[in-house]
Amino acid sequence: MSFIESYKHLDKICGEMFETQYGVSAYIEEMLNNPHGSFLVRGWENDLKQLKHYRWIRNQIVHEPDCYEETMCEAGDDEWLDDFYERIINQTDPLAMYFQATKPHPVAKSAQNHEPAQMQYTYSKQPSQPKHKSKKVVRWIVFSIIVAIVLLYLVLKYFIN
C-alpha cells in the first residue's frame with residue numbers, strides 16, 4: 001500500500017474505535033489524555049511521536065501545494081502504519097495495552113471452594129482488639145492492683161500503729 005492508503009486504512013479503524021471522523025487525531029488525543037501511559041506501556045512515547053509525525057505528513061500531502069508522497073515519505077513509513085493497524089486489530093496497540101494495565105483485576109478465588117468465608121478473608125479482617133492495646137490493658141490492670149495493694153498496706157499500717 002502507499003502511505004496515503006495505509007494512513008486512510010488506519011484512520012478509518014481509529015475513527016470506528018472512537019466513533020468520529022477524526023480517527024488518528026482521536027487516537028492521539030486519547031493518548032494525550034492518559035499521561036501515565038508512558039509509565040505503563042513500553043514504547044508509548046515513540047508511538048505517540050510517530051502518529052503525530054505521520055499525521056503531519058498526511059496533512060502536508062493533502063493540504064499543501066507541491067507536497068507529494070514521494071518527497072515527504074521515507075521507505076518504511078507505510079509499513080509502520082500497516083503494522084500499527086495490525087496492533088490495533090490484535091489489541092497490542094498502546095491504548096489497548098494501557099487499558100489492560102489499568103483495568104481492575106478481579107480477586108482470584110481460592111482453589112478450595114469449600115473453604116469457609118472466614119478463612120478466605122483472613123488478611124482483610126481486622127482483629128477486634130490489636131495486640132498492642134491488649135498489652136496496655138494488662139499493664140494498666142497490673143499497675144492498678146499494685147497501687148491498690150500499696151494503698152491497702154499503708155492504710156492498714158496507719159490503723160494498726
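Just so it is clear, the structure is predicted and the values come from calculations on it, not from any experiment.
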Grab the two heavy atoms, one from [X] and one from [Y], that are nearest each other, plus how far apart they are.
X	Y	result
I61	Y68	CG1-C, 4.1 Å
P94	D47	CG-OD2, 3.2 Å
C67	Q60	CB-O, 3.3 Å
V24	D11	N-OD1, 2.8 Å
D82	S6	OD1-OG, 2.8 Å
Y27	L51	CD2-CD1, 3.6 Å

Original post:
Do T71 and D66 come within less than 4.5 Å of each other through their side chains, counting heavy atoms only?
Top reply: no
**OP:** Side-chain contact test, heavy atoms from C-beta onward, threshold under 4.5 Å: evaluate it for L40 versus N34 and give yes or no.
**Re:** no
For [Y], is there any backbone N or O sitting under 3.5 Å from a side-chain donor or acceptor partner on [X]?
X	Y	result
N90	E86	yes
E69	F3	yes
S25	Y22	no
D83	E79	no

Do [X] and [Y] sit in one hydrophobic cluster, given that two such residues count as connected whenever their side-chain heavy atoms are within less than 4.5 Å of each other, even indirectly?
X	Y	answer
I146	F143	no
L151	W140	yes
I149	I141	yes
Y158	V155	yes

Original post:
Can you list the steps and then say if I4 with D78 is a side-chain contact (heavy atoms from CB on, under 4.5 Å)?
Top reply: CA-CA 8 Å; I4 291 295; D78 56 340; over 6 Å; no
Subject >> Audit row: L95, F18, side-chain contact (heavy atoms from CB on, under 4.5 Å) steps and yes/no >> reply: CA-CA 12 Å; L95 289 177; F18 296 105; 3.6 Å; yes
Tell me whether the count of non-hydrogen atoms from other residues, nucleotides or ligands lying under 6.0 Å of [atom1] in [X] goes above 12.
X	atom1	result
H53	NE2	yes
M97	CE	no
E74	CD	no
Q91	CD	no

Straight-line distance of [X] [atom1] to [Y] [atom2], nearest 0.5 Å:
X	Y	atom1	atom2	value
R55	L10	CZ	CG	12.0 Å
F84	I13	CZ	CD1	10.5 Å
H9	C14	NE2	SG	11.0 Å

**OP:** Taking the six-membered ring for Trp and the full ring for Phe, Tyr or His, determine whether the centres of W44 and Y98 are under 6.0 Å apart.
**Re:**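 Between Y98 and W44, which both carry aromatic rings, the centre distance is below 6.0 Å.
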**OP:** Scan Y85, W80, Y7 and name whichever one has a ring pair (Phe, Tyr, Trp, His ring centres under 6.0 Å) with Y54.
**Re:** W80
Original post:
Is E16 paired with K12 through a side-chain N to carboxylate O contact shorter than 4.0 Å?
Top reply: yes
**OP:** Could you walk me through whether C73 and I57 pass the side-chain contact (heavy atoms from CB on, under 4.5 Å) test, one step at a time?
**Re:** CA-CA 8 Å; C73 297; I57 290 175; 4.0 Å; yes
Original post:
Between D77 and L81, does a side-chain contact (heavy atoms from CB on, under 4.5 Å) hold up when you go through it step by step?
Top reply: CA-CA 7 Å; D77 288 347; L81 293 169; 5.7 Å; no
